[in-house]
Amino acid sequence: MHSEASGASTSSTSAKKKPITIITIGMAGAGKSTFVQRINSYLHSQNTPPYILNLDPAVTNVPFEANIDIRDTINYHEVMKQYNLGPNGGILTALNLFTTKFDQVLDLVEKRSESVDYVILDTPGQIEIFTWSASGAIITDAIASSLPAVVAYIIDTPRTTAPATFMSNMLYACSILYKTRLPFILVFNKTDVQPHDFALEWMHDFEEFQTALATHSGTRDAEGEPTYMNSLMNSMSLVLDEFYKNLKAVGVSSMTGAGVKEFFEAVDVSREEYEKDYLPELERARAQREKSLQDAKQDSMDRLMKDLTVDRQRNPAAFTNDKWDPEEEEEEEEEEEVDDDSDMNIIDRNEESWPGQYIDVTRARRREENINWPRPG
Ligand SMILES: Nc1nc2c(ncn2[C@@H]2O[C@H](COP(=O)(O)OP(=O)(O)O)[C@@H](O)[C@H]2O)c(=O)[nH]1
Ligand SMILES: [Mg+2]
């Protein structure tokens, strides 16, 4: 339906493609910042320097030069002090404060969109702060509604070799995918320490995962029966199978630079996905919002016009005189000004008074002042 509109805005051949935003998300220590540094230097070597945003207010040294740094606008230590917060609340509040200025950030990014191909976002160390906070969602949505965007979910590969850890990490990734609905790349980092082929096997074939689960210690109870946790993970691996089909996985080493080229190939595919799936959905949602707003306006207008018709039918005589008279305009304005000062009750003079109608008792009393009440006794 809206494909024509979206096609026109995204695939115009002469204009430069919009930059794609890479949103890095991952557990603390997974290597997000190191990864951003690595892809930054890769892009520099390709003569396409990116535009980088650091959204981690608590980081002491970033290994890259950010174009926009949350730390330039918000002093995290000052926030903790002023609002009497611990580290987590401090980061969250700093991010919230920064989000209130995010329209300015977007303006700056958009100004550069002619000259850059990639915008990169580094997020706070602790994953929940970005993924489950309102400001994280606002930032993600704001970016994705103005530029193509992809989530790079960074995984600490050496730390996910245990089936249970692997599964919880994948469930986390899954929840982020369904929350953002953006194209998604699983980035198995630190492959210099631990190759990621085991992960690919488990994702490709859930029976492999189930075998690994069965042989891993702690998956059987004292009687040799599979533990509850084990059965649960067995069934969940079937659910995740569907999720794995929707995403791309690459192995990289932010230390050595291995796999970075493959990562950018996945980014190219993600751009197509964004244009094919996300953008039409975004435009559909926008059109829907626009339409419901329009419908609400139309509905109010219809009801207003109906009221007017009913009123005219009730008082045809009043209606014939109820015309705009340009001559009267000035006088009326003066009258209105006087009226504004008095506190007035809106009443319809043609209506009978109804039970519960507000009557100005003070005025009624004044009229009754000379009534002689019979004295008691
Ligand atoms: N061996 C190895 N270490 C890495 C790699 N990437 C990151 N690290 C290390 O992992 C730790 C956490 O990295 P950092 O980028 O700060 O993680 P962040 O909290 O996700 O931003 C640091 O000590 C990095 O040196 C990698 O590819 N290989
Ligand atoms: Mg970091």
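Counting starts at 1 for both ligands and their atoms, in listed order.
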*Asks:* Under a 4.0 Å N-O cut-off, is there an ion pair linking Lys261 with Glu265?
*Replies:* yes
*Asks:* For ligand 1, is any non-hydrogen atom under 4.0 Å from Thr34's backbone (N, CA, C, O), its side chain (CB onward), both, or neither?
*Replies:* both
*Asks:* Run down the list Met27, Lys32, Gln37, Lys190 and name the one with the heavy atom closest to atom 18 (P) of ligand 1.
*Replies:* Lys32
*Asks:* Identify the heavy atoms of Pro195 and Asp197 that sit nearest to each other, and give their distance.
*Replies:* CB-OD1, 3.2 Å
*Asks:* Got a salt bridge between Asp117 and Lys16, using NZ or NE/NH1/NH2 to carboxylate O under 4.0 Å?
*Replies:* yes
*Asks:* State the atoms of ligand 1, each with its element, that fall below the 4.0 Å cut-off from a heavy-atom position in Val193.
*Replies:* 1 (N)
*Asks:* Who passes salt bridge (Lys or Arg N to Asp or Glu O under 4.0 Å) against Glu78, sequence neighbours left out?
*Replies:* none
*Asks:* Are more than 12 heavy atoms, taken from residues, nucleotides or ligands other than His44, located less than 6.0 Å from that residue's NE2 atom?
*Replies:* yes
*Asks:* Going by ring-ring contact (aromatic ring centres under 6.0 Å, His included), name the pairs with one or both residues in residues 243-286, residues two or more places apart or in two chains.
*Replies:* Phe35-Phe263, Tyr42-Phe264, Tyr118-Phe264, Tyr274-Tyr278
*Asks:* Identify, with sequence neighbours excluded, every residue that meets ring-ring contact (aromatic ring centres under 6.0 Å, His included) alongside Phe206.
*Replies:* none
*Asks:* So which protein N/O/S atoms does the Mg ion (ligand 2) have within less than 2.8 Å?
*Replies:* Ser33 OG
*Asks:* Which of the atoms in ligand 1, numbered in the order shown and given with their element, are less than 4.0 Å from a heavy-atom of Ser254?
*Replies:* 6 (N), 26 (C), 27 (O)
*Asks:* What I want to check is whether the side chains of Gln210 and Ser237 have a donor and an acceptor closer together than 3.5 Å.
*Replies:* yes
*Asks:* Which is closest to atom 28 (N) of ligand 1 by heavy-atom distance: Ile25, Ile127, Asp192?
*Replies:* Asp192
